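Contents: one structure, followed by commentary.
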Amino acid sequence: MFFVSDIMEKAPDSYKSHLQETIYESLTKLQIPFERVSTDEAISMVDCIEINQKLDMKMVKTLFLCNSKKIEFYLFITTADKPLKAKNFSNALGISRVSFTPAELMEQILGVKIGAATVFGVLMDKENLVQVVFDKNVLLGEWYGCSDGTTTGYMKVKTELIVNNFLTYAKHFPKVIEM
């Protein structure tokens, strides 16, 4: 049985990483309400099914991609059910083919390990290396479900607050594509 805690509406009492602490401080500063749960370690989208049920929303899939030279980075946020078609992604942005960013670069740039990629990782991107890219379908949902920078903490936030308030605060202006 996969553990999912009761819903909480305040930050954790202690933090597992600098990013996680920064996320909750930023949400508080911006007065962005959220609901969150603590869970067993969740790495795949299958692990998120029970989280979705508890928070009554659908978790987004967040992928950290880069070009072959590993100098251009893309945080692609799509729906959980869509497989990545790198060629279609690249064509939609008019860029060269992309692949998954190596784990060590993901940790260095976004402050997260595999399975914990989140839009909130841009708080660690002080050099503004990362282009945030949304699949248009994500923006159609009222709720945005994502990791809190760990593989054991997940949250639900209004999509419009992520796009209009949080990303503006983080100085990352997203592109929207249709996949």
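For clarity, every value in this text was computed on a predicted model and none was experimentally measured.
T118 and T62 get closest at one heavy-atom pair: N-CG2, 3.9 Å. The minimum heavy-atom distance between E9 and E35, with the atom names listed, is OE2-OE2, 3.7 Å. When every heavy atom of K70 is checked against every heavy atom of P102, the shortest pair comes out as CE-CG, 3.4 Å. Across all non-hydrogen atoms, the minimal contact from F166 to L30 is CA-CD1, 4.0 Å. Summarising the geometry of A117 relative to V112, their closest heavy-atom pair is CA-CG2, 3.9 Å, with the distance given to 0.1 Å. Closest approach of L19 and L110 over heavy atoms only: CD2-O, 3.4 Å.
Under the 4.0 Å criterion applied to side-chain N and carboxylate O atoms, D148 and R36 are not assigned as salt-bridge partners. Taking 4.0 Å as the cut-off between side-chain N and carboxylate O, K58 and E142 do not count as a salt-bridged pair. Under 4.0 Å is where a charged nitrogen must lie from a carboxylate oxygen, and between E107 and K113 no such pair does.
With I162 as the fixed residue, the side chain to side chain contact (heavy atoms under 4.5 Å, CB included) test singles out one of V132, V119, V60: V119.
Note: F73 and F64 meet the aromatic proximity criterion, with ring centroids under 6.0 Å apart. Proximity of the aromatic rings of F76 and F134 is defined here by a centroid distance below 6.0 angstrom, and this criterion is not met.
By the 6.0 Å contact criterion, CD on E178 is open, its count of non-hydrogen atoms from other residues, nucleotides or ligands being 12 or less. In this structure, D56 places its CG atom where only 12 or fewer heavy-atom neighbours from other residues, nucleotides or ligands lie under 6.0 Å away. Other residues, nucleotides and ligands place no more than 12 heavy atoms under 6.0 Å from the NZ atom of K85. Within 6.0 Å of the CZ atom in F2, the count of heavy atoms belonging to other residues, nucleotides or ligands exceeds 12.
Separation of atoms CD (E160) and CG (L139) is listed at 11.0 Å; rounding is to 0.5 Å. Note that CD of E50 and CG of L55 are 12.0 Å apart. Values are rounded to the nearest 0.5 Å. Atom CG of residue N137 and atom CD1 of residue I77 lie 13.5 Å apart, to the nearest 0.5 angstrom. Atom-to-atom distance recorded for K156:NZ and N52:CG is 10.5 Å, nearest 0.5 angstrom. T152 OG1 to Q20 CD: the interatomic distance, rounded to the nearest 0.5 Å, is 7.0 Å. To the nearest 0.5 angstrom, K29 atom NZ is 9.5 Å from E25 atom CD.
With sequence neighbours excluded, no residue satisfies side-chain hydrogen bond (donor to acceptor under 3.5 Å, both in side chains) with T39. The side-chain contact (heavy atoms from CB on, under 4.5 Å) test applied to S5 returns F3, M8, V37, S38, not counting sequence neighbours.
The shortest distance between side-chain heavy atoms of C146 and Y154 does not fall below 4.5 Å. K10 has its side chain within reach of D13: a pair of non-hydrogen atoms, C-beta onward, lies under 4.5 Å apart. K158 has its side chain out of reach of I32: every pair of non-hydrogen atoms, C-beta onward, lies at least 4.5 Å apart.
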TODO: Would you sort out whether V133 and F89 count as a side chain to side chain contact (heavy atoms under 4.5 Å, CB included), showing the intermediate values?
DONE: CA-CA 10 Å; V133 180; F89 177 84; 3.9 Å; yes
Open item on the list: Determine whether H18 and M124 satisfy the following criterion, side chain to side chain contact (heavy atoms under 4.5 Å, CB included), listing intermediate values before the conclusion.
Closed with: CA-CA 9 Å; H18 174 63; M124 300 290 103; 3.7 Å; yes
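Cluster annotation: V163 is not connected to L63 through the hydrophobic network of ILVMFWY side chains, with a link wherever side-chain heavy atoms come within less than 4.5 Å. L75 and L93 are not part of a single hydrophobic cluster, where members link through side-chain heavy atoms under 4.5 Å apart.
Judged purely by atom type and a 3.5 angstrom limit, K126 uses its side chain to pair as donor or acceptor with the backbone of L123.
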